[in-house]
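Structure record follows, encoded as structure tokens.
Chain letters run A, B, ... following the sequence lines, proteins first, then strands; residues in each count from 1. Being a predicted model, the structure only gives us computed values, none of them experimental.
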Amino acid sequence: MTLTPEIIAILMLDALFLFFALIAFVLSLRILFKWDIRSTQPLQYALEKQSYLVSVIIKYIFVLKLPLFLFYIFTCNKLSNIITGAMCASGVVNSVDFGLYLMVFKIINLYLFGFWLLLNNADMKDELSPFVRMKFLFFVIAFIPLLLEIILEISFFASLNISKIVSCCGTLFSLTSASYLSLLFKVDSSLLVGLFYFFGLMVLLGYILKNIPVFIFANLMYVLFSLIALIVFFSTYVYELPTHHCPFCLLQQEYYGVGYLLYISLFVGTFYGFCGGILEMVTHKGHTKFFKISLFFNAFYLGLVSLYPVAYYLKNGVWL
Amino acid sequence: MKSKMNFLLLEYAINAILRRGKKNIFILLIFSMLVFLLSSVLFISDSIKLELNSVVKSLPEITLQRFVAGKQSDVSLSRAEELLSIEGVKSAIPRIWGYYYFKVAGVNFSVVGIDAFEDQYKESLQKIVDSVDVGVLEKNSGMIVGEGVKKVLEENYYKDFFNFVTAEGKWKKVTIAGVFSSDISLEANDMILLPKNTAYEIFGMDKKMATDIVVKVSNPKEIPMIVSKINLLFPDMRAITKDDIRVSYQNIFDYKSGFFLSLFLICAFTFFIIIYDKTSGLSSQEKKEIGILKAVGWSMDDIIKEKFYESFIISFCAFIMGLCAALFFVYFLQAPLLRDIFMGYSKLKPDFILPFSFNVEMLCLLFLLSVPIYIAATLIPSWKASTLDADEVMR
């Protein structure tokens with residue numbers, strides 16, 4: 001175990017999150033079982049007050065989680081300096097067996113907590129508070145991945161071994177790798193890229209047709225295939241190197257940190273598309289503003305990522 | 001999610017802070033003190049790391065030390081010749097150097113032997129050697145010293161010469177022929193350069209031996225291969241590569257600042273409780289205020305938001321204040337007292353100046369370590385305050 005200042009900061013905030021999330025969890029359970037909007041008992045009155053506390057706590061956690069996620073990646077990047085063999089964050093993340101799951105949970109939690117806030121906002125605007133039970137049930141469920149994430153994160157940093165030799169991203173993201181990632185490279189890349197553009201179009205189609213289920217589904221597939229296409233195809237054009245497929249090196253200074261822009265726009269785009277869509281299904285109210293934001297950021301990501309191969313072709317006259 | 005800044009609320013929050021000036025100034029000062037302490041320590045460790053890393057950059061690729069029974073001992077000069085036969089090795093330079101303990105001042109000098117017709121292992125050193133005539137130095141038995149050494153010697157009345165006590169217990173008088181200043185202050189400060197023969201005499205070493213051997217490699221990608229070849233050739237030699245040194249520096253300083261940070265966490269926790277206590281104990285005045293606000297039509301959400309603005313303003317101001325104070329303290333005043341934590345052997349090392357190092361990542365780290373704790377401590381108290389009922393409070 002190494003305790004660098006960055007790790008201590010992350011662990012400390014994890015401890016804070018755990019403490020507050022536990023409070024919110026207990027309160028949510030109480031509200032979930034005892035809530036009765038028509039009751040005039042003191043209990044109901046107290047519960048209404050407590051629901052504010054829960055929403056404040058969740059806002060606090062979410063607002064900190066966003067920058068903390070970037071900070072976590074930055075920490076992994078920095079740790080790659082001292083871990084033998086690692087050249088960027090991916091080596092560090094994969095140095096522990098469950099590093100990738102931790103990453104996945106982190107991303108899922110961002111979506112979940114963001115959705116909770118959207119739901120909360122919709123609930124607060126309505127004077128009848130029709131979604132109280134739903135949002136607290138949702139938090140009770142979302143608490144489990146949060147707990148898992150914190151546990152995984154603590155054990156991740158605890159089991160990080162600086163003297164162990166890890167693989168660098170060059171071998172992790174290649175055909176020779178033993179992991180399931182290598183399966184991706186066996187599939188024809190033009191198929192994956194085609195699917196990426198296909199789902200991009202489907203998002204647009206869903207927006208034009210105002211068909212919410214299509215829109216949600218398209219967004220879900222879009223985020224999946226944009227990541228795959230990024231690893232398999234687009235990243236090579238960013239690095240201008242046909243063998244380099246790492247999604248983490250994009251975040252480094254050599255490539256002007258373009259990864260931050262890419263990932264943030266992808267997250268914002270699909271978050272509003274996905275969560276806004278579900279919100280509309282739940283509340284039966286139009287949220288076209290969310291869809292517009294979603295469309296804009298998804299298109300921005302698609303344009304930016306497509307620009308790299310085009311620019312490469314214009315400069316060199318060949319494809320990679 | 002739509003939380004637009006409400007400037008009227010912000011204005012109200014600022015006024016609320018000013019109304020309770022005394023209490024808030026106390027919190028502000030304590031908190032900025034904490035931030036100041038934390039950021040000073042991290043700045044110092046970062047700055048020293050930067051300095052050491054710039055030293056590492058100029059070092060040769062591989063340093064070879066011979067170990068006998070686990071202790072470092074001298075290497076025979078003939079080995080340098082043999083190393084040259086390994087492909088990829090650009091040069092192998094035997095070094096004669098060591099520490100000389102100057103008892104009166106309690107300081108260790110680094111004594112380095114130089115030779116006129118030999119390449120130095122470092123560019124900065126080469127420049128110094130080029131600027132003097134080693135032949136003349138040898139004839140007059142002179143030496144060139146770093147600025148720090150010069151200062152220490154002058155304080156002890158050695159104005160133009162110094163008496164070394166050799167290994168045999170004899171005195172060796174060496175005149176100070178010149179002083180050099182180097183851009184890499186950390187290592188040049190305590191350095192004494194003198195001809196190899198004089199160095200052998202002072203250390204009492206066999207003239208066929210060297211302290212260690214540095215190996216230069218043209219292609220950095222070949223370093224691991226060359227290291228393994230050297231290990232086969234001379235099993236009693238330990239190869240230290242540039243990368244090893246860099247990693248160990250980062251480890252040492254991460255460990256040191258991590259250690260300090262663990263202590264800091266205890267402070268932070270105590271502070272958390274103080275803030276919790278301070279903010280939950282509402283005076284009757286404040287209670288009345290909240291009651292009136294609620295009667296006027298503020299919702300719980302508004303009051304929580306206002307309280308959040310308050311705590312954010314206080315913690316952010318304290319953060320900026322602490323940060324500025326730390327920048328001033330570390331880089332302008334050169335961090336008196338605190339830097340001794342990192343320079344455990346500071347008495348033996350001549351002084352040096354901390355180079356300026358400040359980046360966004362450091363700013364993020366400091367921010368995450370301070371402001372969220374404060375806001376977390378005020379979360380529950382401000383919620384509690386907002387739950388007060390208008391009629392109960394004003395009755």
Which one of B:S248, B:S299, B:P372, B:S382 has the most heavy-atom pairs closer than 4.5 Å to chain A?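 Max contact count across the listed options: B:P372.
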Heavy-atom pairs under 4.5 Å with chain A are the metric here; pick the option from B:L369, B:D243, B:I380 that has the most.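 The residue among B:L369, B:D243, B:I380 with the greatest pair count is B:L369.
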Out of curiosity, [X] [atom1] to [Y] [atom2], how far, rounded to the nearest 0.5 Å?
X: B:N251; Y: A:T4; atom1: CG; atom2: OG1; value: 10.0 Å
X: A:S51; Y: B:M300; atom1: OG; atom2: CE; value: 7.0 Å
X: A:L64; Y: B:L368; atom1: CG; atom2: CG; value: 7.0 Å
X: B:F264; Y: A:I8; atom1: CZ; atom2: CD1; value: 11.0 Å
X: B:L365; Y: A:K78; atom1: CG; atom2: NZ; value: 7.5 Å

How close do [X] and [Y] get, heavy atom to heavy atom, and via which atoms?
X: B:D301; Y: A:K59; result: OD1-NZ, 4.4 Å
X: B:L261; Y: A:P5; result: CD2-CA, 3.5 Å
X: B:I304; Y: A:Y52; result: CD1-CB, 4.3 Å

Please check if the side chain of B:W383 supplies one atom and the backbone of A:I57 the other of a donor-acceptor pair under 3.5 Å.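 Between the backbone of A:I57 and the side chain of B:W383 there is no qualifying donor-acceptor contact (under 3.5 Å).
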For A:K49, is the NZ atom crowded, meaning more than 12 foreign heavy atoms sit under 6.0 Å from it? yes
Assess whether atom CZ of B:F356 is packed by more than 12 heavy atoms of other residues, nucleotides or ligands within 6.0 Å. yes
Over 60° means perpendicular and under 30° means parallel, so tell me whether B:F272 and A:F20 are parallel, tilted or perpendicular. tilted
Give, as side chain, backbone, both or neither, the part of B:I373 having an atom under 4.5 angstrom from any heavy atom of chain A. both
For residues 107-114 of chain A, tabulate all N or O donor-acceptor pairs below 3.5 Å that involve a side-chain atom, not counting sequence neighbours.
{"residue": "A:N109", "atom": "ND2", "partner": "A:F105", "partner atom": "O", "Å": "3.3"}
{"residue": "A:N109", "atom": "ND2", "partner": "A:P145", "partner atom": "O", "Å": "3.3"}
{"residue": "A:N109", "atom": "ND2", "partner": "A:E149", "partner atom": "OE1", "Å": "2.5"}
{"residue": "A:Y111", "atom": "OH", "partner": "A:T270", "partner atom": "OG1", "Å": "2.7"}

Based on non-hydrogen pairs under 4.5 Å, which of A:L16, A:I10, A:L70, A:T75 is most in contact with chain B?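 Heavy-atom pairs under 4.5 Å are most numerous for A:L16.
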